[in-house]
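Take a look at the structure set out below.
Each chain gets a letter, A, B and so on, in the order its sequence line appears, and its residues count up from 1. Please read these numbers as outputs of a predicted model, since none were measured by experiment.
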Amino acid sequence: MTQRSKPGPPPINLARERIYSVIDSIPKGKVSTYGTVGKEAGLPRGARQVAAALRHLDPGRDLPWFRVVNSCGKISERPGGGESVQRQLLESEGIEFSKAHRIDLRRLGWPSGYFS
DNA sequence: GCTCTGACGTCTA
DNA sequence: ATAGACGCCAGAG
């Protein structure tokens, strides 16, 4: 075949699947961030892509989307609302929130030690 | 093809 | 610690 694989970012739909795969690997009781998930998925500057991937996520798909928060350790607000739902899902598996609605990433962030 | 948008993150003041 | 500017990059129009 004449086509050679050349170095560079993977096709978007493939990148999206990688993102989903990373999110699926976040352990119960832990959380990760948009930026970190992007990195793990091979997208060093792909935080916004991770957000977009979640926005376009099939609602029927079984994926722990709620374990993704922003770099501040807080739940990101978005148009459709639903932050309270995400918080409840996290609390239901033991995640604790500070007074400022923040999660201690040094303790509950995944991968462990990533936020030290 | 071009421009604007945004569930983000990092740097500066 | 807080606020604002900038950079990034795929989607949407």
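- A donor-acceptor pair under 3.5 Å links the side-chain atoms of A:Arg18 to the main chain of A:Ala41, judged by distance alone.
- Taking atom CZ of residue A:Arg18 and atom P of nucleotide C:dC9, one finds them 16 Å apart after rounding to whole Å.
- Listed by first and then second residue, the salt bridge (Lys or Arg N to Asp or Glu O under 4.0 Å) pairs that reach into residues 37-50 of chain A come to none, sequence neighbours excluded.
- At least one donor-acceptor pair closer than 3.5 Å links the side chain of A:Tyr20 to the backbone N or O of A:Ala53.
- Residue A:Gln49 has its side chain nearest to C:dC9 when only C:dC9, B:dC8, B:dA7 are considered.
- A side-chain donor-acceptor contact under 3.5 Å links A:Gln86 to the backbone of A:Phe66.
- Within 4.0 Å of A:Glu77, counting heavy atoms only, lie sugar-phosphate atoms of the nucleic acid but no base atom.
- Taking atom CG of residue A:Leu54 and atom P of nucleotide C:dC9, one finds them 19 Å apart after rounding to whole Å.
- Environment of CZ in A:Arg106: sparse, with no more than 12 heavy atoms of neighbouring residues, nucleotides or ligands closer than 6.0 Å.
- Looking at residues 101-116 of chain A, you'll see that no heavy atom sits under 4.0 Å from any atom of DNA chain B.
- At B:dG9, one or more side-chain N or O atoms of A:Ser71 fall inside 4.0 Å of OP1 or OP2 (strictly under the cut-off).
- With the nearest nucleotide of DNA chain C identified for both A:His56 and A:Gly46, A:Gly46 has the one nearer the 5' end.
- Legend: residues meeting side chain to side chain donor-acceptor pair (under 3.5 Å) with A:Ser32, ordered by chain and number and at least two apart, are absent.
- Listed by residue number, A:Thr33, A:Tyr34, A:Gly35 are the residues of residues 28-36 of chain A with a heavy-atom contact under 4.0 Å to DNA chain B.
- The side chain of A:Arg16 places an N or O atom within less than 4.0 Å of a non-bridging phosphate oxygen (OP1 or OP2) of C:dG11.
- Listed by first and then second residue, the salt bridge (Lys or Arg N to Asp or Glu O under 4.0 Å) pairs that reach into residues 90-100 of chain A are A:Arg67-A:Glu93, A:Arg87-A:Glu91, A:Glu96-A:Arg107, sequence neighbours excluded.
- Rounded to whole Å, the distance from CG on A:Asn13 to P on C:dG11 is 8 Å.
- Remark: P of C:dA10 and CG of A:Leu14 are 13 Å apart, rounded to the nearest angstrom.
- Between A:Arg48 and A:Ala52, the one whose closest nucleotide on DNA chain C sits nearer the 5' end is A:Arg48.
- In this view, A:Ser76 and A:Asn70 satisfy the side chain to side chain donor-acceptor pair (under 3.5 Å) rule, not counting sequence neighbours.
- The local environment of CG in A:Asp58 is crowded, with over 12 non-hydrogen atoms from other residues, nucleotides or ligands closer than 6.0 Å.
- The interatomic distance linking A:Arg45 (CZ) with B:dT10 (P) rounds to 9 Å, in whole Å.
- The distance between atom CG of A:Asn70 and atom C1' of B:dG6, rounded to the nearest whole Å, is 14 Å.
- We find that CD of A:Gln86 is positioned 8 Å from C1' of B:dA7, with the value rounded to whole Å.
- A:Leu57 places its CG atom 16 Å from the C1' atom of C:dG11, with the value rounded to the nearest Å.
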